[in-house]
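The figures here come from the full heavy-atom set of this structure, side chains too, leaving out hydrogens, waters and symmetry mates.
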Amino acid sequence: MFGLDGSFWSYANYLDGLHEGSGRTALAGFCEWLVARLGYGNNLVWEVLVGRMTFPDESVLSRFRSMTDEEDAATVDTLFDSLERFFADQAGSPVGGWIWDTNVRAFCEALSQWIGYDFDDSDWQAVDSALTGTDADRPHAEWYVYPLIGHTRLDLRLAREAGGAEVSIRIEGPRRRELQSRIDTLFHIMSTYTVTSP
């Protein structure tokens with residue numbers, strides 16, 4: 001690809017351009033992810049954080065822009081390993097919240113539509129009947145699990161709040177950034193308003 005010569009800084013420049021071109025969403029959270037693994041560096045850009053992960057003793061950082069070929073290759077390896085782990089963490093970590101019990105079907109239908117799954121009456125009957133015996137105070141592993149399988153698979157863990165009108169939900173499975181943003185918005189709407197069917 002034009003502009004990429006295999007060096008760390010060519011990849012860094014490409015990724016920075018990609019990030020800017022995406023409205024600063026492509027690498028959102030990457031810097032914070034690196035800081036969490038290093039234990040310091042809130043004031044550093046991600047390129048320097050990758051360098052410090054590669055060379056903890058900082059011996060190379062004084063000449064970071066003029067590394068040897070071996071040092072550059074090691075930094076590239078750290079970069080791609082870090083990106084792979086970062087995106088895996090972003091995609092696979094469960095997300096959750098609570099919504100009003102009257103919104104559970106609408107929540108399931110919206111989520112299903114986004115992944116290409118047809119959530120119908122039989123799906124709803126299974127979820128609705130299973131929710132009766134659940135308790136959100138129990139460990140997550142004991143919550144009711146319902147799979148939604150479209151172009152990706154998402155597992156919903158659901159449980160009622162004892163004595164309340166809320167249902168707690170955890171979503172497990174790979175989620176691209178756009179889908180994650182939609183899910184965050186869906187939780188907000190379904191926990192703020194009561195949604196009615198047309």
Side-chain angles (χ1 to χ4, degrees), residues 1-97 107 110-117 147-157 169-191:
M1 183 180 291
F2 178 76
L4 293 178
D5 59 10
S7 69
F8 172 75
W9 285 107
S10 70
Y11 288 125
N13 291 333
Y14 173 80
L15 289 168
D16 281 336
L18 176 69
H19 184 56
E20 291 298 326
S22 69
R24 301 184 67 80
T25 62
L27 294 179
F30 184 48
C31 199
E32 293 81 359
W33 185 90
L34 292 167
V35 168
R37 271 132 196 86
L38 276 170
Y40 66 91
N42 283 319
N43 59 330
L44 302 175
V45 296
W46 69 261
E47 292 89 341
V48 173
L49 293 170
V50 169
R52 292 200 174 185
M53 288 182 75
T54 311
F55 306 104
D57 63 356
E58 302 187 21
S59 61
V60 177
L61 296 180
S62 61
R63 51 188 172 77
F64 199 32
R65 286 278 182 179
S66 57
M67 295 182 284
T68 67
D69 290 345
E70 293 77 17
E71 291 165 345
D72 191 89
T75 310
V76 168
D77 287 344
T78 301
L79 170 61
F80 283 101
D81 180 64
S82 297
L83 286 169
E84 182 178 355
R85 292 171 184 267
F86 167 68
F87 286 119
D89 285 354
Q90 295 294 100
S93 58
V95 62
F107 184 96
L111 187 57
S112 297
Q113 182 179 6
W114 294 334
I115 65 168
Y117 178 72
L148 303 176
I149 305 173
H151 52 74
T152 189
R153 173 178 175 148
L154 297 178
D155 289 332
L156 300 185
R157 289 190 181 272
I169 301 176
R170 281 169 61 90
I171 301 173
E172 302 170 354
R175 301 173 305 277
R176 297 180 66 88
R177 191 172 306 279
E178 179 186 359
L179 178 58
Q180 182 61 59
S181 296
R182 289 181 176 185
I183 291 172
D184 291 340
T185 303
L186 189 61
F187 269 116
H188 174 71
I189 292 171
M190 298 290 183
S191 62

**Item:** CG-CG distance between Leu49 and Leu38, expressed to the nearest 0.5 angstrom
**Value:** 6.0 Å

**Fill in**
What one should report as the nearest heavy-atom pair of Leu156 and Leu111 is CD2-CD2, 3.4 Å

**Asked** What pairs meet the salt bridge (Lys or Arg N to Asp or Glu O under 4.0 Å) rule with one or both residues in residues 11-26, with sequence neighbours excluded?
**Response** Glu20-Arg24

**Item:** Beyond-backbone contact of His19 with Phe30, side-chain heavy atoms, under 4.5 angstrom
**Value:** no

**Request:** Could you walk me through whether Val95 and Asp184 pass side-chain contact (heavy atoms from CB on, under 4.5 Å), step by step?
**Result:** CA-CA 9 Å; Val95 62; Asp184 291 340; 4.1 Å; yes

**Request:** Rounded to the nearest 0.5 Å, what's the gap from CD1 on Ile169 to CG on Leu186? Could you check?
**Result:** 8.0 Å

**Asked** Are the side chains of Leu83 and Trp33 in touch, meaning some heavy atoms are under 4.5 Å apart?
**Response** no

**Complete:** One should read off an interatomic distance between Arg52 CZ and Leu34 CG, to the nearest 0.5 angstrom, of 12.5 Å

**Message:** Working to the nearest 0.5 angstrom, can you tell me the gap between Thr54 OG1 and Asp77 CG?
**Reply:** 8.5 Å

**Prompt:** Any donor and acceptor pair, going by atom type alone, linking the side chain of Asp155 with main-chain N or O of Glu172 inside 3.5 Å?
**Reply:** no

**Asked** Taking all atoms of both residues into account, what is the closest heavy-atom pair of Asp72 and Gly6, and its distance?
**Response** OD2-O, 4.0 Å

**Request:** Anything under 30° is parallel, anything over 60° is perpendicular, the rest tilted; go ahead and classify Tyr11 against Phe80.
**Result:** perpendicular

**Complete:** To the nearest 0.5 Å, atom CD of Glu32 lies from atom CG of Asn42 at 8.0 Å

**Item:** Heavy-atom side-chain contact between Met67 and Phe55 under 4.5 Å
**Value:** yes

**Request:** Evaluate side-chain hydrogen bond (donor to acceptor under 3.5 Å, both in side chains) for Ser10 paired with Asp5, printing each intermediate quantity in order.
**Result:** CA-CA 6 Å; Ser10 70; Asp5 59 10; 3.0 Å; yes

**Request:** Could you check if a side-chain atom of Leu154 sits within less than 4.5 angstrom of a side-chain atom of Tyr117, using non-hydrogen atoms only?
**Result:** no

**Asked** Under 4.5 Å between any side-chain heavy atoms of Val50 and Phe8, yes or no?
**Response** yes

